[in-house]
**Q** 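If you scroll down you'll find the structure; I have some questions about it.
The sequence lines fix the lettering, A, B, ..., with proteins before strands; numbering per chain opens at 1. Just so we're clear, the structure is a prediction, and the values are computed from it rather than from any experiment.
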Number of protein chains: 2
Amino acid sequence: MSTRETTGYGQFCPIAMASEVLCRRWTTLILREMLCGSTRFNELRRGLPRMSPALLSTRLRELEESGLIERRGDGGEAATGYHLTPAGQALRPVIVGMGEWGHRWIESSASLANLDPSLLMWDIRRNLRPEPMPPGRAVVQFRFKELPAGKNRWWLIVDAGEVDLCYSDPGFDVDLYVATDLRTMTAIWMGFASINGEVKARRVFLEGDPRLAGSVQDWLRYSPFATGSTAAE
Amino acid sequence: MSTRETTGYGQFCPIAMASEVLCRRWTTLILREMLCGSTRFNELRRGLPRMSPALLSTRLRELEESGLIERRGDGGEAATGYHLTPAGQALRPVIVGMGEWGHRWIESSASLANLDPSLLMWDIRRNLRPEPMPPGRAVVQFRFKELPAGKNRWWLIVDAGEVDLCYSDPGFDVDLYVATDLRTMTAIWMGFASINGEVKARRVFLEGDPRLAGSVQDWLRYSPFATGSTAAE
DNA sequence: CAGTATCCGATGCGATACTG
DNA sequence: CAGTATCGCATCGGATACTG
């Protein structure tokens with residue numbers, strides 16, 4: 001019935017059993033998204049833009065069958081949400097370990113060959129730390145200079161600990177303008193460069209509220225994997 | 001050129017980059033074999049009996065391109081051996097983590113649906129600890145009663161710290177006979193049961209040198225993952 | 001918003017046979 | 001022993017359109 005019989009390895013080894021669950025296309029990335037807190041279908045899609053909805057649906061059902069996630073109505077609404085089971089949560093160190101390995105051993109140039117502004121901004125949104133920011137609402141506009149006008153600006157609206165990401169002008173006054181190119185911002189995000197260094201090198205330009213600009217190193221939380229060293233190739 | 005462009009995820013995230021390397025069919029199992037010490041092509045095949053040599057060859061080349069392994073002539077012979085690079089060694093905690101997760105969270109019945117006597121014996125061979133055995137050569141015969149005669153016996157020859165596995169009678173006098181069924185022996189190996197308990201339950205029969213039989217719990221090193229608990233489903 | 005339905009092309013990969 | 005060569009099917013999964 002399940003297509004798993006043909007794809008199995010036929011080995012009792014737990015690594016083989018785990019690989020049958022994990023080592024399918026997109027599966028680790030779905031888990032990454034869920035470990036980062038995504039629970040809704042379209043929220044997941046946002047972090048997996050190149051994945052078709054049909055395949056996402058299939059994978060979610062497989063993960064449910066494998067006992068890694070469960071679906072349930074959230075907050076009494078009809079809408080369903082996906083949540084990690086204890087078995088799914090237990091995979092955190094494995095997924096994180098894969099990320100740490102990738103950060104350490106994959107050449108940075110390979111990562112930087114996969115630039116994607118919406119993924120980058122989506123990632124920044126969910127890791128931004130509002131606490132070091134000055135109190136009150138803050139609106140930060142990112143502009144990637146080399147992208148076509150009309151498709152090159154993102155707005156982060158931070159208010160009362162909530163972070164919103166907009167792809168079109170939300171109409172608020174902007175407190176801080178960040179202008180750079182996509183590769184530089186991604187390199188900063190990955191920990192391959194520091195934002196203050198890139199400002200000095202005039203590859204990043206900050207304009208606006210000096211308190212926001214001065215604390216950018218603090219509230220712009222880098223990718224969870226942007227620690228430690230990279231391979232000295 | 002590489003087929004990787006089409007299989008990539010298009011994400012700069014290190015988990016995605018690592019998944020592109022690791023999450024392909026058989027790859028984690030090849031790494032498992034190499035982390036356990038296998039270096040030769042046919043040695044790898046032995047641990048991956050359902051994998052075709054063509055695919056193994058392809059995967060090894062991919063792993064080499066990804067910088068996880070390197071091939072070199074061993075000991076001056078023409079024969080090539082495969083060895084993990086530092087990047088490959090660095091995956092040990094990830095692979096081990098997958099195994100620990102699988103052991104903890106995959107139901108034991110699923111693992112025990114994948115019985116394979118030659119894999120089991122190959123695994124026992126490489127984890128057997130000669131030290132707790134009485135000094136001198138020891139020959140242990142395993143017999144799986146339900147398998148067809150002529151295909152149900154394996155011999156382990158332990159001599160001077162070396163362990164050899166034979167599928168046909170090596171001709172030596174046998175010091176210890178172990179008779180059981182494949183499922184029971186696999187369950188013991190996985191840590192789902194204890195050998196002494198299974199002897200008491202008369203599902204395992206030991207006959208021969210009492211010193212060997214008495215120390216079986218010590219020299220029969222269980223699978224590296226046979227620790228900790230399993231999920232209380 | 002949260003998915004399904006359908007289609008079809010690419011390719012992964014298993015089986016088998018063969019070679020230096 | 002250490003792989004290549006070849007073949008062909010199955011299925012994986014990408015694209016697009018549609019629905020409750």
Side-chain angles (χ1 to χ4, degrees), chain A residues 1-11 16 19-30 33-34 38-65 69-83 116, chain B residues 1-11 16 19-30 33-34 38-65 69-83 116:
Chain A
M1 186 67 59
S2 153
T3 142
R4 212 44 75 69
E5 276 84 50
T6 55
T7 60
Y9 295 111
Q11 299 200 358
S19 298
E20 291 183 23
V21 175
L22 294 179
C23 294
R24 319 198 70 200
R25 189 156 168 71
W26 292 109
T27 299
T28 52
L29 301 194
I30 295 172
E33 292 301 306
M34 297 195 66
S38 290
T39 61
R40 315 301 289 252
F41 192 84
N42 282 346
E43 203 177 359
L44 291 167
R45 289 199 65 188
R46 192 109 191 227
L48 307 163
R50 314 249 285 229
M51 186 181 194
S52 80
L55 188 52
L56 176 56
S57 176
T58 302
R59 285 286 180 274
L60 288 170
R61 209 171 306 117
E62 291 169 356
L63 287 171
E64 194 183 4
E65 281 170 21
I69 67 176
E70 58 186 18
R71 51 194 302 165
R72 56 169 193 260
D74 276 355
E77 315 152 35
T80 51
Y82 300 88
H83 297 267
D116 183 322
Chain B
M1 185 66 61
S2 154
T3 142
R4 211 44 75 70
E5 276 85 50
T6 55
T7 61
Y9 296 109
Q11 299 199 0
S19 298
E20 291 183 23
V21 175
L22 293 179
C23 293
R24 319 199 69 198
R25 190 156 167 70
W26 293 109
T27 299
T28 51
L29 301 194
I30 296 172
E33 292 301 307
M34 296 194 67
S38 289
T39 60
R40 315 301 289 252
F41 192 84
N42 283 346
E43 203 177 1
L44 291 167
R45 288 199 65 187
R46 192 111 189 224
L48 308 163
R50 314 249 284 230
M51 186 180 195
S52 80
L55 188 51
L56 175 56
S57 176
T58 301
R59 285 286 179 275
L60 288 170
R61 210 171 306 115
E62 291 168 359
L63 287 172
E64 194 182 5
E65 280 170 20
I69 67 175
E70 57 185 19
R71 51 195 302 167
R72 55 169 194 259
D74 276 355
E77 315 152 35
T80 52
Y82 300 89
H83 297 268
D116 183 322

**Q** Figure out the CG/P separation between A:Leu44 and C:dG3, and round it to whole Å.
**A** 9 Å
**Q** How close or far is atom C1' of D:dG3 from atom CG of B:Leu60, stated in whole angstroms?
**A**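 It works out to 10 Å between those atoms.
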**Q** Measuring only between side-chain heavy atoms, which start at C-beta, is B:Thr27 closer than 4.5 Å to A:Cys23?
**A**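 Counting from C-beta outward, B:Thr27 and A:Cys23 never come under 4.5 Å.
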**Q** Select one nucleotide: of C:dA2, D:dG3, C:dG14, the one nearest the side-chain heavy atoms of A:Arg40.
**A**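 Comparing C:dA2, D:dG3, C:dG14 against the side chain of A:Arg40, the answer is C:dA2.
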**Q** Between A:Tyr9 and C:dC13, does any side-chain N or O lie under 4.0 Å from OP1 or OP2?
**A** no
**Q** Counting only Watson-Crick pairs (N1-N3 plus N6-O4 or O6-N4) and G-U wobbles (N1-O2, O6-N3), all under 3.5 Å, who is the partner of D:dC9?
**A** C:dG12
**Q** Give none if C:dG20 has no partner; otherwise give the nucleotide forming a Watson-Crick or G-U wobble pair with it, both distances under 3.5 Å.
**A** D:dC1
**Q** Are any of B:Arg59's side-chain N or O atoms less than 4.0 Å away from OP1 or OP2 of C:dC13?
**A** yes
**Q** For A:Leu29 and D:dG13, give me the distance from atom CG to atom P, rounded to whole Å.
**A**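 Value for this atom pair: 12 Å.
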**Q** Does a side-chain N or O from A:Arg25 land closer than 4.0 Å to OP1 or OP2 of D:dG14, or not?
**A**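 A:Arg25 to D:dG14 OP1/OP2: side-chain N or O found under 4.0 Å.
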**Q** Quick one, A:Tyr9 and B:Arg50 - any side-chain contact, counting heavy atoms below 4.5 Å?
**A** no
**Q** What's the CE-C1' distance between B:Met51 and C:dC13, to the nearest Å?
**A** 9 Å
**Q** Please report, rounded to the nearest Å, how far the P atom of C:dT16 is from the CZ atom of B:Arg45.
**A** 12 Å
**Q** D:dG14 P sits how many Å from A:Trp26 CH2, rounded?
**A**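 Rounded to whole Å, this separation is 7 Å.
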**Q** Are any non-hydrogen side-chain atoms of B:Ser57 and B:Phe41 less than 4.5 angstrom apart?
**A**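 B:Ser57 reaches B:Phe41 side chain to side chain.
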**Q** Any side-chain N or O of A:Thr80 below 4.0 angstrom from OP1/OP2 of C:dG3?
**A** yes
**Q** Rounded to the nearest Å, what distance is computed from the CD atom of residue A:Glu62 to the C1' atom of nucleotide D:dT11?
**A** 12 Å
**Q** Could you go through nucleotides 4-7 of chain D and list every protein N or O atom that sits under 3.5 Å from one of its N or O atoms, giving the distance for each pair?
**A**
residue: D:dT4; atom: OP1; partner: B:Arg61; partner atom: NH2; Å: 3.3
residue: D:dT4; atom: OP2; partner: B:Ser57; partner atom: OG; Å: 2.4

**Q** Could you tell me if the side chain of A:Leu29 sits less than 4.5 Å from the side chain of A:Glu33, heavy atoms only?
**A**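 A:Glu33 does not reach A:Leu29 side chain to side chain.
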**Q** Output the rounded distance in Å from CD1 (B:Ile30) to P (C:dC13).
**A** 11 Å
**Q** Quick one, A:Met51 and A:Ile30 - any side-chain contact, counting heavy atoms below 4.5 Å?
**A**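 SC-SC contact between A:Met51 and A:Ile30 confirmed.
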**Q** Kindly say whether A:Gly47 contributes a backbone atom to a donor-acceptor pair with the side chain of B:Gln11 at under 3.5 angstrom?
**A** yes
**Q** Find out whether B:Arg59 and B:Leu55 are in side-chain contact, i.e. whether some heavy atom of one side chain is under 4.5 Å from a heavy atom of the other.
**A**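 A side-chain contact under 4.5 Å exists here.
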